[in-house]
Amino acid sequence: MSQNNLETECCQFLEWDTGFFGFRIARVNGNHLNDKRLEEILAWCEAHGIECLYFLANADDPMTIRMAEDYDFRLVEIRLTMERWLKDWEPTTRAKASEEVTIRHAREDDIDFVKEIAKTSYPDSRFFFDPCFTEEQWQAYYATWIEKSCRGEAELALVAEVHGEVVGYITGKLDKQNNKIAQYELTGVKPAVRGTGIGQELFRSGLDWFVQSGVEYVWLATQGRNVATQRMVQRNGFVTRSCHLYYHKWFSTCNQRRQ
């Protein structure tokens, strides 16, 4: 099999992740493993000098899970994908989760505030649970992501404001092939106001925007350990679409491992 076919069929080099984290990083294309595919994946990674490999596995495939474990893929996340059709969502009549908060579109002068919130918002992430990524790295990863979203990479970028202070945000994207489909990406709320309905109001305001933009179907991904988010989205009519297991495989010994 040619090297080009290996690239197409088994793995993809992740240029942005590599530049950001300072490791050569790739991901497996597809969600299943067998003897032949695993041989191709390992050969591709060796040929490309990969140090860290991401793999999102179907949770209902015993062979894939056993092979991942046997070859030192480390489980870092249970990934739940949840979905909702929006035909019955009414922006003008839906219940308010908080009366004190103002939800508006993000502005340039919000970026420093949302970046600070992002640094404390993702202790459930797979990067937090992989000790080869330092705390500074995973915090900077999400801070950079929310900055890029607020600068135009996400069609939806809302912030929550209370008494003039930015206390939360939510972002989402429209599907490039079908703008009736959308995805929620990032959400974060300042620790001091969590549990007060602000995250819920951000989430519902995002659904308002999607409906007003002609979106009919929304999905999101969250962690199995993030029960608070699961409960919140379930209260707003989302149901589970799929369950995957996220693995990281390290080919090198990272020298910055957290204890």
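Quick caveat, the model's predicted, so the values are computed rather than measured. Position 1 is the first residue of the sequence; numbering continues from there.
- Counted within 6.0 Å of CD on E136, heavy atoms from surrounding residues, nucleotides or ligands total more than 12; the atom is thus considered enclosed.
- Closest heavy-atom contact between F238 and L220: CE2-CD2, 3.9 Å.
- Follow the hydrophobic side-chain contacts under 4.5 Å out from Y71 and you reach I65 in the same cluster.
- Counting all heavy atoms, side chain and backbone alike, G214 lies closest to K180 at O-CG, 3.8 Å.
- Within a 6.0 Å sphere centred on CZ of F113, other residues, nucleotides and ligands contribute 12 heavy atoms or fewer.
- Cluster note: I111 groups with no other residue, as no ILVMFWY side-chain heavy atom lies under 4.5 Å from it.
- Under the 4.5 Å side-chain criterion, counting only non-hydrogen atoms from C-beta, L56 is not in contact with V28.
- D70 meets the salt bridge (Lys or Arg N to Asp or Glu O under 4.0 Å) test with no other residue; sequence neighbours excluded.
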Show the atom names and distances, to 0.1 Å, of all donor-acceptor pairs under 3.5 Å that link a side chain in residues 162-174 to residues at least two apart or in another chain.
unit_1: E165; atom_1: OE2; unit_2: K190; atom_2: NZ; d: 2.2
unit_1: Y169; atom_1: OH; unit_2: Y122; atom_2: OH; d: 2.7
unit_1: T171; atom_1: OG1; unit_2: L186; atom_2: N; d: 3.1

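- A chain of hydrophobic side-chain contacts below 4.5 Å, direct or via other Ile, Leu, Val, Met, Phe, Trp or Tyr residues, connects L75 to L33.
- Residue pairs meeting the salt bridge (charged side-chain N to carboxylate O under 4.0 Å, His left out) criterion with at least one partner in residues 14-26, sequence neighbours excluded, do not occur; the list is empty.
- Counting heavy atoms of neighbouring residues, nucleotides and ligands inside a 6.0 Å radius, atom CD of E100 does not exceed 12 of them.
- A pairwise comparison of heavy atoms in F129 and V76 identifies CB-O, 3.8 Å as the closest pair.
- The OG atom of S121 sits 10.5 Å away from atom CD of E116, with the distance rounded to the nearest 0.5 Å.
- For K87 and E216, the salt-bridge test fails: no basic side-chain N is under 4.0 Å from an acidic carboxylate O.
- For S205, the side-chain hydrogen bond (donor to acceptor under 3.5 Å, both in side chains) test picks out R94, with sequence neighbours left out.
- By the salt bridge (Lys or Arg N to Asp or Glu O under 4.0 Å) test, R27 is found to be paired with no residue, residues two or more places apart in sequence or in another chain being considered.
- Remark: aromatic rings of F21 and Y141 are close, center separation under 6.0 Å.
- For the pair R104 and L158, the minimum side-chain heavy-atom distance is 4.5 Å or more.
- Within the 3.5 Å criterion, the main-chain N or O of D124 finds a donor-acceptor partner in the side chain of R225.
- Few gaps surround NE2 on H32; more than 12 heavy atoms of other groups in view lie less than 6.0 Å from it.
- A cation-pi contact links R126 to Y54, judged by a cut-off of 6.0 Å to the six-membered ring centre and 45° from its axis.
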Next on the checklist: The test is ring-ring contact (aromatic ring centres under 6.0 Å, His included); show your working for F23 and W250 and say whether it passes.
Outcome noted: CA-CA 10 Å; F23 306 111; W250 287 88; 4.9 Å; yes
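- Hydrophobic clustering (ILVMFWY, side-chain heavy atoms < 4.5 Å, transitive): V215 and L202 are in one cluster.
- Every residue two or more places apart in sequence or in another chain that forms a side-chain hydrogen bond (donor to acceptor under 3.5 Å, both in side chains) with T64 is listed here: D61.
- A chain of hydrophobic side-chain contacts below 4.5 Å, direct or via other Ile, Leu, Val, Met, Phe, Trp or Tyr residues, connects Y184 to W89.
- A heavy-atom distance below 4.5 Å is found between the side chains of I78 and C243.
- Under the 3.5 Å distance criterion, the side-chain polar atoms of N236 are matched with a main-chain donor or acceptor of M232.
- Using modelled atom types, no side-chain atom of Q200 and backbone atom of G197 make a donor-acceptor pair closer than 3.5 Å.
- With salt bridges taken as basic N to acidic carboxylate O contacts below 4.0 Å, none links R204 and E201.
- The main-chain N or O of Q177 is found under 3.5 Å from a side-chain atom of D175 such that the two form a donor-acceptor pair.
- Applying the 6.0 Å contact sphere to CG of D109 captures more than 12 heavy atoms from other residues, nucleotides or ligands.
- For E39, the CD atom is loosely surrounded, since the number of other residues' heavy atoms within 6.0 Å does not exceed 12.
- Residue W85 belongs to a hydrophobic cluster whose other members are I181, Y217, W219, with links defined by side-chain heavy atoms closer than 4.5 Å.
- Residues F127 and Y246 keep their aromatic ring centres 6.0 Å or farther apart.
- Using cut-offs of 30° and 60° on the angle between ring planes, the pair F20 and W16 is parallel.
- Under the 4.5 Å side-chain heavy-atom criterion for ILVMFWY residues, a single connected hydrophobic cluster contains both F55 and I41.
- In this structure, the separation between NE2 on H48 and CG on L53 is 12.0 Å, given to the nearest 0.5 Å.
- Between W145 and Y142, the ring-plane angle classifies as parallel under the 30° and 60° cut-offs.
- Every residue two or more places apart in sequence or in another chain that forms a salt bridge (Lys or Arg N to Asp or Glu O under 4.0 Å) with E108 is listed here: R151.
- Heavy atoms only, all atoms of each residue included: A157 and C150 are closest at CB-CA, 4.3 Å.
- A search for side-chain hydrogen bond (donor to acceptor under 3.5 Å, both in side chains) contacts involving K115 returns E147, not counting sequence neighbours.
- Remark: the backbone N or O of N226 is not paired with any side-chain donor or acceptor of T229 at under 3.5 angstrom.
- Residues forming a side-chain hydrogen bond (donor to acceptor under 3.5 Å, both in side chains) with Q230 (at least two apart in sequence, or on another chain): none.
- Closest approach of I146 to A118, counting heavy atoms only: CG2-CB, 3.9 Å.
- For E155, there are no salt bridge (Lys or Arg N to Asp or Glu O under 4.0 Å) partners two or more places apart in sequence or in a different chain.
- Between F210 and Q183, the closest heavy-atom pair is CZ-O, 4.3 Å.
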